[in-house]
Amino acid sequence: MKLNWHRLTVHTKYPFTIARPGASVDGTAVNRIIVELEHDGIVGRGEAAPSPFYNQSLDTVEATLRQVGPLLGDDPYQIGPIVDRLLARFDDQRATVAALDEALHDWVGQRLGVPVWRLLGLNGTDCPPTSMTVGIAELDLIARKTREAAGFHIIKVKVGTPNDEAVLATVRENAPAGCKVRVDANCGWSADEAVDRIQALRPFDLEMIEQPIPPHQYDALRRITQTVGLPIITDEDSCRPADVVKLAGIVTGINIKLSKCGGIRQAFDMIRLARNLGLQVMLGCMVETSVGISAIAQLAPLADYVDLDGHLLLADDPFTGPTLQDGVVAPPDRPGLGIGRA
Ligand SMILES: [Mg+2]
């Protein structure tokens with residue numbers, strides 16, 4: 001297999017801000033690496049979306065890619081053993097492993113002439129609607145972003161600032177009637193204040209709360225889940241399959257992202273594990289191009305909650321892939337990941 005990659009800078013339509021430091025978007029600039037695996041005349045693509053929160057950067061992605069050659073072998077069908085070898089050596093660089101896993105799936109699907117969702121035994125036409133994210137911003141911009149999201153059935157609001165109630169009032173004022181509103185605190189509340197902060201937001205009729213507090217505080221998460229009576233979904237707490245076991249019986253569900261877990265194969269494992277442990281499943285993304293979104297969208301039929309809007313936040317996505325119809329982001333009915341050029 002021949003491995004190539006290149007850096008890519010794309011831009012969000014609006015500056016993108018969340019509650020915690022370490023966001024992977026700097027103002028409007030989004031720096032990603034597109035990986036290409038070539039074998040037998042077919043090129044499979046994947047996207048690395050490194051996050052400073054997980055000690056990853058473009059430099060660590062490239063340093064990893066320079067070392068993976070001997071671990072790839074020469075048979076792209078061997079996705080399982082290849083991903084296992086990559087994770088054994090580069091567990092802290094799972095955004096890079098994810099890009100390679102995506103490229104392998106893309107290659108195999110193209111070679112066999114079937115979409116990846118078919119390879120996985122799924123129905124790609126049966127996906128829940130996605131939320132559209134409204135990041136932290138001044139209230140007039142929040143109002144504008146909310147009105148622009150009118151075609152979506154769910155709005156996801158980034159909270160975790162002292163301004164949360166005013167933000168949600170603005171969203172509710174500008175959102176269509178019947179629109180669901182979910183919130184993501186991105187670890188922005190302390191374990192002591194989280195319950196009170198969530199109760200203060202109850203009048204805004206929330207669908208669920210994502211990652212209220214910083215990770216690894218399992219007793220506090222259990223108490224919050226038992227007290228507030230709303231679904232609590234982890235994100236920063238649910239990175240690897242082993243995390244799923246720790247969260248069973250503590251929270252309502254887990255948000256899975258390819259860049260956190262190491263790709264489609266790991267995500268599929270996490271989904272099955274979560275189901276067997278009685279946890280709900282959300283699929284999420286970083287701000288990324290249609291390459292990365294098309295990869296995770298292959299799994300969307302398995303999700304209770306979908307938050308796959310990363311490519312829709314971009315002003316200059318150079319790729320095509322996922323379809324968007326009536327607020328549903330779905331994988332395309334094309335071989336592999338179905339990626340094209342915009
Ligand atoms: Mg989140």
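Read the numbers this way: they start at 1 and go in the same order the structure lists the ligands and their atoms.
For the pair W189 and I224, the minimum side-chain heavy-atom distance is 4.5 Å or more. By the 4.5 Å heavy-atom criterion applied to side chains, T252 and L279 are not counted as neighbours.
Legend: protein N/O/S atoms lying under 2.8 Å from the Mg ion (ligand 1), waters omitted, number 3.
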Got a list of side-chain donor-acceptor pairs under 3.5 Å for residues 256-266, not counting sequence neighbours?
{"unit_1": "K257", "atom_1": "NZ", "unit_2": "D235", "atom_2": "OD2", "d": "2.7"}
{"unit_1": "K260", "atom_1": "NZ", "unit_2": "D235", "atom_2": "O", "d": "2.6"}
{"unit_1": "K260", "atom_1": "NZ", "unit_2": "D235", "atom_2": "OD1", "d": "2.6"}
{"unit_1": "K260", "atom_1": "NZ", "unit_2": "S238", "atom_2": "O", "d": "2.8"}
{"unit_1": "K260", "atom_1": "NZ", "unit_2": "N255", "atom_2": "O", "d": "2.9"}

Exercise for the section: With side chain to side chain donor-acceptor pair (under 3.5 Å) as the test, would you mind laying out the steps for H153 and D326 before giving the verdict? Expected result: CA-CA 8 Å; H153 304 288; D326 190 26; 3.2 Å; yes
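Of the candidates L71, L65, I82, L100 forms a side-chain contact (heavy atoms from CB on, under 4.5 Å) with just one, namely L65.
Interatomic distance, L324 CG to I293 CD1, rounded to the nearest 0.5 Å: 12.0 Å.
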